[in-house]
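Taking it in order: structure first as structure tokens, then the write-up.
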Amino acid sequence: METTLTFDDGIDLPHFASFVLLDDASGIDALRAYYTSYLEIAAQHGVGIVLDTPTWRANPDWGERLGYSAEALADVDRRGVALLEELRSTAKAVPQMIISGCIGPRGDGYRVDNAMTAEEAQRYHEPQVETFADTAADLVSALTLTYADEAVGVARAAQGAGIPSVISFTVETDGRLPSGQSLREAIGEVDDQTQGSVAYFMINCAHPTHFAHVLEGDGGWRNRIRGLRANASEKSHAELDEAEELDAGDPVALAGHYRELQERLPNLTVVGGCCGTSERHVAEICAAVTA
């Protein structure tokens with residue numbers, strides 16, 4: 001969402017926060033247009049869709065930098081869900097639309113900073129999770145998490161609030177989390193510490209060539225991965241951080257990688273994109289995996 005709005009639509013997002021667009025009519029129109037492009041893809045292929053609220057940055061640390069109080073952030077969360085409710089009521093051609101309350105990391109999505117224990121992470125993310133639980137959101141999705149303890153905290157907060165949770169981990173060019181932990185170990189740790197409460201796991205923010213090798217061989221842990229949100233670019237996170245232009249990669253080639261990964265991920269049903277991807281990439285991916 002953020003790279004599309006910034007690089008393709010030319011919208012200035014302070015601190016890469018798209019939730020600020022909910023504060024005025026032109027911003028809401030931009031978000032509505034963004035979501036509609038994906039609803040059209042789902043309708044064309046006759047598949048369901050998961051849409052995330054634009055609230056990836058709507059937590060206390062980032063909110064403080066942007067001048068939002070705790071009450072204002074909760075209001076943003078509710079208005080993000082309300083926008084998706086509106087779209088769901090009009091998306092008659094889409095078989096199913098799931099509203100996901102989007103939760104981002106306390107720190108950066110590319111590195112481990114502001115690291116917390118699982119208990120601290122639960123307390124930190126509880127207010128946003130509980131706000132979503134009181135709306136029409138069907139689940140909460142924590143995206144671009146870089147270490148297991150924060151994921152455990154989000155999952156426990158969701159358990160307490162009675163709403164399903166999805167955990168999506170950032171991985172590096174070696175297929176490991178920025179913390180250095182393997183994807184397999186991170187998923188196992190979260191499942192062990194939350195009694196398997198997470199609805200499913202996703203991989204985000206890396207090109208498939210960076211993590212495909214860790215999905216080879218045996219391992220029932222791969223059955224817990226239901227979603228992929230890969231980067232368009234093969235560049236590392238360090239290179240992407242320094243980039244002044246968007247690297248959109250090759251949408252057709254990216255879709256081919258998703259198709260190949262279906263052989264290694266038997267439960268893969270949720271496909272989308274992360275940094276640098278747009279509706280062009282997701283249209284190709286949808287066509288490839290539903291062929």
Side-chain angles (χ1 to χ4, degrees), residues 1-5 8 31-56 80-81 83-102 132 136-144 163-169 198-208 211-212 215 222-232 248-291:
M1 176 181 288
E2 288 76 16
T3 55
T4 295
L5 293 170
D8 292 350
L31 288 170
R32 188 180 287 112
Y34 173 87
Y35 289 125
T36 298
S37 66
Y38 290 94
L39 288 168
E40 289 171 350
I41 295 169
Q44 178 186 352
H45 291 275
V47 297
I49 189 168
V50 182
L51 289 183
D52 291 304
T53 55
T55 52
W56 177 63
V81 173
L83 175 59
L84 295 184
E85 278 190 279
E86 171 202 316
L87 291 170
R88 179 157 63 182
S89 70
T90 60
K92 304 302 183 184
V94 177
Q96 184 181 30
M97 178 182 146
I98 301 297
I99 295 176
S100 165
C102 184
F132 283 131
D138 300 295
L139 48 81
V140 293
S141 296
L143 307 183
T144 68
I163 188 170
S165 64
V166 173
I167 297 297
S168 189
F169 284 121
V198 174
Y200 58 89
F201 291 85
M202 299 196 295
I203 303 170
N204 65 251
C205 230
H207 193 269
F211 59 81
L215 302 174
R222 293 177 302 172
N223 296 333
R224 297 290 283 129
I225 301 173
R226 189 172 288 278
L228 288 181
R229 295 179 56 137
N231 282 358
D250 183 340
V252 175
L254 183 64
H257 287 299
Y258 272 70
R259 178 69 171 166
E260 292 170 2
L261 287 171
Q262 283 184 293
E263 301 298 320
R264 305 179 191 181
L265 297 173
N267 289 336
L268 179 64
T269 58
V270 182
V271 294
C274 209
C275 303
T277 58
S278 67
E279 68 273 13
R280 294 184 298 115
H281 299 78
V282 174
E284 293 290 348
I285 292 167
C286 187
V289 300
T290 59

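All residue numbers in this chain count up from 1 along the given sequence. Not measured: the values here are computed from a predicted model.
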Nearest-0.5 Å distance that lies between atom [atom1] in [X] and atom [atom2] in [Y]:
X	Y	atom1	atom2	answer
T144	F169	OG1	CZ	11.0 Å
R259	T290	CZ	OG1	8.5 Å
N231	L254	CG	CG	9.0 Å
S165	F201	OG	CZ	8.0 Å

The criterion is side-chain contact (heavy atoms from CB on, under 4.5 Å); which residues satisfy it with [X], sequence neighbours excluded?
X	result
A33	none
S168	L143, M202, N204
F211	V171, I203, A206, P208, V214, L215, L228, L261

Indicate every side-chain donor-acceptor pair of residues 279-288 with a distance under 3.5 Å to a residue at least two apart or in another chain.
residue: H281; atom: ND1; partner: S278; partner atom: N; Å: 3.0
residue: H281; atom: ND1; partner: S278; partner atom: OG; Å: 3.4
residue: H281; atom: NE2; partner: A248; partner atom: O; Å: 2.6

For this session: Keeping to residues at least two apart or across chains, list the salt bridge (charged side-chain N to carboxylate O under 4.0 Å, His left out) pairs with something in residues 87-100.
Result: R88-D138
For this session: Using salt bridge (Lys or Arg N to Asp or Glu O under 4.0 Å) as the criterion, list what pairs up with E86, not counting sequence neighbours.
Result: R32
Exercise. Partners of Y35 by ring-ring contact (aromatic ring centres under 6.0 Å, His included), sequence neighbours excluded?
Worked result: none
Exercise. Who pairs with Y38 by ring-ring contact (aromatic ring centres under 6.0 Å, His included), at least two apart in sequence or on another chain?
Worked result: Y34
Enumerate, atom names and distances included, each donor-acceptor pair closer than 3.5 Å involving a side-chain atom of residues 264-271, sequence neighbours excluded.
residue: R264; atom: NH1; partner: A212; partner atom: O; Å: 2.6
residue: N267; atom: ND2; partner: N223; partner atom: O; Å: 2.8
residue: T269; atom: OG1; partner: R226; partner atom: NH1; Å: 3.3

Name the atoms and distances for all side-chain donor-acceptor pairs under 3.5 Å in residues 40-54, with sequence neighbours left out.
residue: D52; atom: OD1; partner: S100; partner atom: OG; Å: 2.7
residue: D52; atom: OD2; partner: R229; partner atom: NH1; Å: 2.7
residue: T53; atom: OG1; partner: T55; partner atom: OG1; Å: 2.6
residue: T53; atom: OG1; partner: C102; partner atom: N; Å: 2.9

Problem set entry | Beyond-backbone contact of T277 with T3, side-chain heavy atoms, under 4.5 angstrom | no
Exercise. Does W56 reach the side chain of E2, with side-chain heavy atoms less than 4.5 Å apart?
Worked result: yes
Seminar exercise, completed: In short, ring pair (Phe, Tyr, Trp, His ring centres under 6.0 Å) pairs touching residues 252-280 with sequence neighbours left out are H207-H257
